[in-house]
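Each ligand, and each atom within it, is numbered from 1 in the order the structure gives.
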Amino acid sequence: MDEDLLMLPGPTNVPDEIRLEEAKKMINHRGELFHNLYKEVQNGLKYLFQTDNPVYILTSSGTGAVECAASNLVKKNDKIVVPVNGEFGIRLADIFEVYGAKVIRIPFEWGEGVDPAIVKETLERNPDTVMLAFVYNETSTGVRNNAKALAEICKKLGVLVLCDAISNLGGDELYADKWGLDIVVSGSQKCIACPPGLAFITLNEKAWRKVEDSKPHINYYWNLEKMKKFHEKNETPFTPAVSLFFALNKALKIIEKEGIEKRVLRHKVCSKALREGAVSIGFKLYPRKEEYASYTVNAFNLPSNVTDSDVKKFLLEKYGIAISGGIGPTKGQIIRIGTIGDINQKQVEKTLTGLEDCLITKGLNVKRNTAVEAASKVFKENKY
Ligand SMILES: Cc1ncc(COP(=O)(O)O)c(C=O)c1O
């Protein structure tokens with residue numbers, strides 16, 4: 001059966017009006033048409049990141065932006081603290097190590113949130129730390145870390161802070177300038193509702209000073225100073241993914257039209273409705289506490305006698321819905337369902353109907369419509 005509805009932690013459904021932009025006639029990436037496109041995209045990205053600083057656009061998936069940050073900001077033996085409460089925290093730490101940093105990993109249990117007090121304590125015990133790098137929305141566990149609190153701690157202690165907002169920028173609160181996030185990275189294929197293939201990095205003056213201080217950089221393609229030079233001309237140093245720029249421009253216009261606060265609320269309500277619905281029929285929320293459940297990636301333990309493959313296969317074959325399983329230590333133990341980008345009530349309810357049908361087919365004692373009713377209540381009480 002076709003994948004009619006992607007309820008994945010990414011990539012996500014791309015509305016036709018965004019998708020079709022990619023079919024536009026090619027243009028010269030050094031010409032006036034591209035310069036105008038670049039300027040429009042910059043305005044949209046600045047709004048999305050809530051920053052006055054440029055947002056550099058990379059031809060890569062999100063990991064490319066993390067690697068770009070590491071290759072420009074790290075000097076050998078720089079001490080970098082990384083709280084780890086899931087697979088993407090591990091990756092963040094690994095990438096900084098590849099570039100020569102001495103990484104201090106603060107381990108948290110999977111399903112737990114990063115405790116800002118423990119991060120503060122660690123930074124105070126390591127006054128030579130140059131940067132805290134953290135994952136805002138831990139996609140592997142569905143846990144939303146407290147980005148604002150972590151940024152505040154770093155500001156007070158004079159430590160640079162990098163935020164990986166790959167799986168929630170555009171569907172969750174993020175105020176790069178107001179919160180004092182020195183470096184933010186993200187990607188096109190999640191809450192922006194764009195196809196995969198673009199990544200973003202923005203950095204403020206404080207971070208730029210560190211880039212200067214970290215010369216010579218071990219990079220060529222990911223060199224931020226080159227990007228900055230070409231940005232002044234509304235260009236990228238190397239051939240950009242022009243068709244994706246067209247799609248991105250449209251996606252950003254849609255975000256501006258909806259308004260970021262409203263968009264965040266839509267994600268928040270859809271994820272809450274999905275959680276309430278799933279829990280009402282016997283799935284168990286994987287994050288230990290509801291208060292740090294993600295707005296965009298919803299992770300659940302399964303009812304007994306049902307496997308992740310059963311649920312994934314059933315949803316795909318009978319409903320055309322694609323969902324994910326666990327990764328790393330949670331492989332085979334959980335399912336993960338995205339409420340990302342173009343998400344709405346109909347999609348949430350269709351997914352819950354599928355989950356419920358799966359359990360009933362497996363012989364579990366679940367009353368039809370329980371999940372959708374629980375979700376509808378959330379939608380009724382929380383308008384967006
Ligand atoms: C929080 C987070 N960081 C990093 C990545 C890696 O991004 P990509 O697969 O786009 O390279 C992901 C992907 O899901 C993610 O969710």
Q. Do we get K226 above Y220's six-membered ring, with its NZ or CZ under 6.0 Å from the centre and within 45° of the axis?
A. yes

Q: Return the residue, atom name and 0.1 Å-rounded distance of the protein heavy atom closest to atom 13 (C) of ligand 1.
A: K190 NZ, 3.4 Å

**Q.** Contact partition for T63 relative to ligand 1, non-hydrogen atoms under 4.0 Å
**A.** both

Q. Should the pair F49 and F200 be assigned to parallel (<30°), tilted (30 to 60°) or perpendicular (>60°) ring geometry?
A. perpendicular

Q) Where on N137 is there a heavy atom closer than 4.0 Å to ligand 1, on the side chain, on the backbone, on both, or on neither? A) backbone

(Q) With the threshold set at under 4.0 angstrom, would you say Q189 reaches ligand 1 through any of its heavy atoms? (A) yes

Q. Hey, quick one: are F88 and L58 part of the same hydrophobic cluster, counting side-chain heavy atoms closer than 4.5 Å, chains of contacts allowed?
A. yes

Q | Ligand-residue contact atoms, ligand 1 with S61, heavy atoms, under 4.0 Å | A | 8 (P), 10 (O), 11 (O)

Q: State which residue, out of V372, I343, T353, fulfils the side chain to side chain contact (heavy atoms under 4.5 Å, CB included) condition with V348.
A: I343

(Q) Give me the residue, atom name and distance of the protein heavy atom closest to atom 12 (C) of ligand 1. (A) F88 CE2, 3.3 Å

Q. Just which atoms of ligand 1 are under 4.0 Å from any heavy atom in V135?
A. 1 (C)

Q | Subset of ligand 1 atoms that lie under 4.0 Å from at least one heavy atom of I166 | A | 2 (C), 3 (N), 4 (C), 5 (C), 7 (O), 12 (C), 15 (C)

Q. With the threshold set at 4.0 Å, does a side-chain nitrogen-carboxylate oxygen contact exist between R91 and D94?
A. no

Q | Proximity of H231 and Y38 rings by center, below 6.0 Å | A | yes

Q: State the atoms of ligand 1, each with its element, that fall below the 4.0 Å cut-off from a heavy-atom position in D164.
A: 1 (C), 2 (C), 3 (N), 4 (C)

(Q) For the NZ atom on K253, are there more than 12 heavy atoms of other groups (residues, nucleotides or ligands in this structure) within a distance under 6.0 Å? (A) yes

Q. Ligand 1 and R91, any nitrogen or oxygen pair closer than 3.5 angstrom?
A. no

Q) Where do E232 and K228 land on the salt bridge (charged side-chain N to carboxylate O under 4.0 Å, His left out) test, with the steps shown first? A) CA-CA 7 Å; E232 306 303 326; K228 191 179 192 184; over 6 Å; no

Q: Could you pull out, from N168, V185, T139, I95, the option with a heavy atom nearest to atom 1 (C) of ligand 1?
A: T139

